[in-house]
Student: 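Starting off with a structure, shown below.
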Protein chains: 2
Amino acid sequence: MNETFKALADPTRRHIIRLLKEKDMTAGEIADHFNMTKPSISHHLSTLKQAKLILDERQGQNIVYSLNTTVVQDVLGWFLEIIDGKDPGKGKEEDE
Amino acid sequence: MNETFKALADPTRRHIIRLLKEKDMTAGEIADHFNMTKPSISHHLSTLKQAKLILDERQGQNIVYSLNTTVVQDVLGWFLEIIDGKDPGKGKEEDE
DNA sequence: TAGATATTTAGACAGTTTTCTAAATATCTA
DNA sequence: TAGATATTTAGAAAACTGTCTAAATATCTA
């Protein structure tokens with residue numbers, strides 16, 4: 001879980017996730033969305049892949065990346081637990 | 001949003017959030033849960049506070065920390081949109 | 001006001017992260 | 001097989017992070 005949260009702590013990587021939410025893309029297509037070198041994007045993809053947030057599959061010359069919604073849901077579960085367990089109706093108690 | 005995600009990228013800080021989910025606590029009570037110096041915990045609390053994930057209020061000698069569920073819900077919303085953001089007209093473009 | 005308690009700030013240091021350029025690997029096509 | 005295209009790996013520099021000790025600040029109580 002820590003690897004997943006760390007992977008999500010970078011804006012470029014979150015942007016990649018939002019791109020892959022729309023459709024699967026090759027590494028090159030993803031890189032075209034950023035003002036950054038391809039090796040840098042490749043490194044971000046590697047981080048996301050290691051966190052299992054994305055999946056990769058070679059198709060000829062290209063490598064196609066896709067979102068792994070299972071792991072995204074795991075993180076979602078972490079947040080749901082934080083919210084659900086919290087006593088509702090208890091907000092800021094500032095009375096002045 | 002970036003500050004929030006970065007704040008969540010550390011296991012100690014996520015642990016603090018889970019502690020505060022149960023009940024409000026003073027800085028010292030929080031520190032007692034970790035094998036780490038109080039200045040280090042204070043620094044983590046400062047990071048969480050800057051990300052608005054927690055709120056602080058002085059009560060005499062103590063400073064009582066509490067969870068800011070509003071911001072936790074904002075992050076939850078980010079994930080919900082990734083998973084089932086089927087609303088085509090409302091795609092979020094930026095998260096920073 | 002002095003001393004005790006609670007917490008934060010300051011400064012330092014090792015380890016990690018992000019980014020780059022250059023080079024290597026894999027695949028396709030003529 | 002040679003050359004072109006797609007992507008990754010390697011190595012290095014700058015910036016950032018997490019942690020510590022020592023010192024400062026804030027509050028309470030006698």
Side-chain angles (χ1 to χ4, degrees), chain A residues 1-20 23-68 71 75 94 96, chain B residues 1-20 23-68 75 94-96:
Chain A
M1 202 57 142
N2 190 41
E3 209 169 26
T4 309
F5 272 104
K6 282 202 298 197
L8 288 165
D10 179 89
T12 300
R13 291 195 290 265
R14 289 197 304 279
H15 196 161
I16 290 172
I17 286 177
R18 291 203 309 276
L19 289 173
L20 293 179
K23 66 178 175 68
D24 297 356
M25 296 174 78
T26 67
E29 284 174 323
I30 292 168
D32 288 344
H33 285 80
F34 297 91
N35 190 14
M36 195 179 288
T37 64
K38 279 166 202 244
S40 295
I41 294 298
S42 179
H43 179 250
H44 283 305
L45 289 170
S46 163
T47 300
L48 287 167
K49 185 181 154 187
Q50 205 158 1
K52 296 194 172 49
L53 279 161
I54 63 175
L55 306 167
D56 65 333
E57 182 197 358
R58 179 174 281 277
Q59 281 180 13
Q61 272 166 305
N62 305 305
I63 294 181
V64 178
Y65 283 94
S66 59
L67 194 61
N68 185 359
V71 173
V75 189
E94 282 176 1
E96 59 251 270
Chain B
M1 202 58 142
N2 190 41
E3 211 167 22
T4 310
F5 273 103
K6 282 202 298 197
L8 289 164
D10 179 88
T12 300
R13 291 195 290 266
R14 289 197 303 279
H15 196 163
I16 291 173
I17 286 177
R18 290 201 309 275
L19 289 173
L20 293 178
K23 66 177 176 67
D24 298 355
M25 296 174 78
T26 68
E29 284 174 322
I30 293 168
D32 287 344
H33 284 80
F34 297 91
N35 189 14
M36 195 179 289
T37 65
K38 279 168 201 246
S40 295
I41 293 298
S42 179
H43 178 249
H44 283 305
L45 289 170
S46 163
T47 300
L48 287 167
K49 185 181 154 187
Q50 203 155 5
K52 296 191 172 52
L53 279 161
I54 63 176
L55 305 166
D56 64 334
E57 184 196 359
R58 178 174 281 277
Q59 281 180 12
Q61 271 167 303
N62 306 306
I63 294 181
V64 178
Y65 284 95
S66 59
L67 193 61
N68 185 358
V75 189
E94 295 298 333
D95 67 5
E96 283 110 307

Student: Test your reading of the model: is there a side-chain donor-acceptor pair from Arg13(A) to the backbone of Leu8(A), 3.5 Å cut-off?
Tutor: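 Side chain of Arg13(A) to backbone of Leu8(A): no pair is present.
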
Student: What is the distance from CD1 of Ile41(B) to P of dT9(C), rounded to the nearest Å?
Tutor: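 Going from CD1 in Ile41(B) over to P in dT9(C) covers 15 Å.
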
Student: Polar atoms only, N or O, under 3.5 Å: list the protein pairs with nucleotides 11-14 of chain C and their distances.
Tutor:
none

Student: Under 3.5 Å, which donor-acceptor pairs do the side chains of residues 45-63 of chain A form with other protein atoms, sequence neighbours left out?
Tutor:
residue, atom, partner, partner atom, Å
Thr47(A), OG1, His43(A), O, 3.2
Lys49(A), NZ, Asp56(A), OD2, 2.9
Arg58(A), NH1, Gly60(A), O, 3.0

Student: Side-chain N or O of Arg58(B) less than 4.0 angstrom from OP1 or OP2 on dT27(D)?
Tutor: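 For dT27(D), OP1 or OP2 has a side-chain N or O of Arg58(B) closer than 4.0 Å.
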
Student: For residues Val75(A) and Phe5(A), determine if any side-chain heavy atom of one lies less than 4.5 Å from a side-chain heavy atom of the other.
Tutor: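 Side chain of Val75(A) against side chain of Phe5(A), heavy atoms only: contact under 4.5 Å found.
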
Student: In whole angstrom, what separates Leu45(B)'s CG from dA6(C)'s P?
Tutor: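 After rounding, the gap between these two atoms is 16 Å.
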
Student: Is there any protein nitrogen or oxygen under 3.5 Å from a nitrogen or oxygen in nucleotides 17-19 of chain C, and what are the pairs?
Tutor:
residue, atom, partner, partner atom, Å
dT18(C), OP1, Arg13(A), NH2, 3.3
dT18(C), OP2, Arg13(A), NH1, 3.1
dT19(C), OP2, His44(A), NE2, 2.4

Student: Whole angstroms only, please: what is the CD1-C1' distance between Ile30(A) and dA6(D)?
Tutor: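 My rounded result for the distance is 13 Å.
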
Student: Could you tell me whether the side chain of Arg18(B) reaches within less than 4.5 Å of the side chain of His15(B), counting heavy atoms only?
Tutor: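 Yes. Closest side-chain heavy atoms under 4.5 Å.
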
Student: For DNA chain D, list all stems, counting runs of three or more consecutive pairs where every pair is Watson-Crick or G-U wobble with both distances under 3.5 Å.
Tutor: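 As far as DNA chain D goes, consecutive pairing (with distances under 3.5 Å) yields the stems C:1-30 with D:1-30.
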
Student: Give one of base, sugar-phosphate or nothing for Ser46(B), where a contact means two heavy atoms less than 4.0 Å apart.
Tutor: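 Nothing, no heavy atom under 4.0 Å.
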
Student: Could you state the atom-to-atom distance from CD1 of Ile63(A) to P of dT27(C) in whole Å?
Tutor: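 So the two atoms are 9 Å apart, to the nearest Å.
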
Student: Report the distance from atom CG of Asn2(A) to atom C1' of dT16(C), rounded to the nearest whole Å.
Tutor: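 It works out to 13 Å between those atoms.
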
Student: Would you indicate whether the side-chain heavy atoms of Asn2(B) and Asp10(A) approach each other to under 4.5 Å?
Tutor: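 With C-beta onward as the side chain, the pair stays apart.
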
Student: dT8(C) C1' sits how many Å from Lys38(B) NZ, rounded?
Tutor: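 It is 12 Å, rounded to the nearest whole Å.
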
Student: Whole angstroms only, please: what is the CG-P distance between Leu48(B) and dT7(C)?
Tutor: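 These atoms are roughly 16 Å apart.
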
Student: Could you tell me how far apart Gln50(A) (CD) and dT9(D) (P) are, to the nearest whole angstrom?
Tutor: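 Rounded to whole Å, this separation is 11 Å.
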
Student: Work out which heavy atom in Ser66(B) is nearest to a heavy atom in Asp24(B); give both atom names and the distance.
Tutor: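 Taking Ser66(B) first and Asp24(B) second, the nearest heavy atoms are CB-OD1, 3.3 Å.
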
Student: OP1 or OP2 of dT27(C) sitting under 4.0 Å from any side-chain N/O of Asn62(A)?
Tutor: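 It does not, given that no N or O in the side chain of Asn62(A) lies less than 4.0 Å from OP1 or OP2 of dT27(C).
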
Student: Between the protein and nucleotides 28-30 of chain D, list every N/O to N/O distance that falls short of 3.5 Å.
Tutor:
none

Student: At under 4.0 Å between heavy atoms, what does Tyr65(A) touch on the DNA or RNA strands: base, sugar-phosphate, or nothing?
Tutor: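 Sugar-phosphate, backbone atoms only, no base.
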
Student: Hey, can you pull the donor-acceptor pairs under 3.5 Å for the side chains in residues 28-37 of chain B, sequence neighbours left out?
Tutor:
residue, atom, partner, partner atom, Å
Glu29(B), OE1, Thr26(B), N, 2.9
His33(B), ND1, Glu29(B), O, 3.0
Thr37(B), OG1, Ser40(B), N, 3.4
Thr37(B), OG1, Ser40(B), OG, 3.0

Student: Less than 4.5 Å apart, side chain to side chain, heavy atoms only: is that true for Met25(B) and Val64(B)?
Tutor: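 Of all side-chain heavy-atom pairs linking Val64(B) with Met25(B), none is under 4.5 Å.
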
